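Presented below is the structure to which this report refers.
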Amino acid sequence: MSFLDPDLSGPWAAVLADRYARADSVSLLRAMILDVFPGRITLVSSFGAESAVLLHMVSRIDPDLPVVFIDTGKLFGETKRYRDQLTRHLGLRNLQIITPDPARLKAQDPDGMLFSRKPDACCFWRKVEPLERALAGYGAWISGRKQFHGGARADLQRFEAVDKRIKISPLAGWTRDQIAAYFTAHDLPPHPLEGEGYLSIGCMPCTARAESGASVRSGRWQGLDKTECGIHLSLSEARKRANL
Ligand code: SF4
């Protein structure tokens, strides 16, 4: 089997899940970056409240690994400043900031208010489509999702095959306490909005503070029947959800 054969991504995900079933998160990451997908893997990071854990691990394995950050044009300034601070702090040398296609945005979201009318379409043009472009040529990408986030993530596995690529979630089984302990152990700076009650941090119009004791992602798209932006769906599912 070859990772260059797109039709075999599904079987490969199962093979990798089996082969690395007992590997801890750092060992798993090291194997994926250095041995299994050298030169063909990237970390996609929102530089959100928990992102520093994976970014720190990656920085210790390969500081030149491409780190993809989607600047939707609707982010908190704090997130962008945190991104730059953390990138410097960890010595990451290959941050790739991607943005929506300006012509597409002009056509699809001319007043910048699509989020209030059709949030799934807004996410598609500001997140899904730019990421799809950025992932062209990669055989695998790393995601920071965890099961304790709940909802569609509750059954998250460490390896998935999506759109002919392998998606790897090394922290899938981690708990909130483990995340907090890792921050402490490695003296990682927190996202500045976390101290203001934001537990999951995305775009400004679609992110609110979480109520005390509420689930981590309860502040995202509050009041809407929406819990994910669509980058973790297949491209066809994301299009369907956005009515495109
Ligand atoms: S999170 Fe909100 S503002 Fe950001 S892309 Fe999605 S709908 Fe648009």
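Since this is a predicted model, take the numbers as computed values, not measurements. Order of listing sets the numbers, starting from 1, for every ligand and every atom in it.
Regarding atom 2 (Fe) of ligand 1, its nearest protein heavy-atom neighbour is Cys206 SG, 2.3 Å. Among protein heavy atoms, the minimum distance from atom 7 (S) of ligand 1 is reached at Pro119 O, 3.4 Å. In terms of protein heavy-atom proximity, atom 3 (S) of ligand 1 is nearest to Cys203 CB, 3.6 Å. Residue, atom and distance of the protein heavy atom nearest to atom 8 (Fe) of ligand 1 are Cys122 SG, 2.3 Å.
Between Trp221 and ligand 1 there is a heavy-atom distance shorter than 4.0 Å.
You'll find the side chain of Arg220 stays beyond 4.5 Å of the side chain of Ile201, heavy atoms only. Within the 4.5 Å cutoff, the side chain of Val58 has no heavy atoms near those of the Leu90 side chain.
In this structure, the ring of Tyr198 has its center no less than 6.0 angstrom from the ring center of His191.
The minimum heavy-atom distance between Phe124 and Pro130, with the atom names listed, is O-CD, 3.9 Å.
No side-chain donor-acceptor contact under 3.5 Å links Gln157 and Asp155.
Both the backbone and the side chain of Cys123 come within contact range of ligand 1, each with a heavy atom under 4.0 Å.
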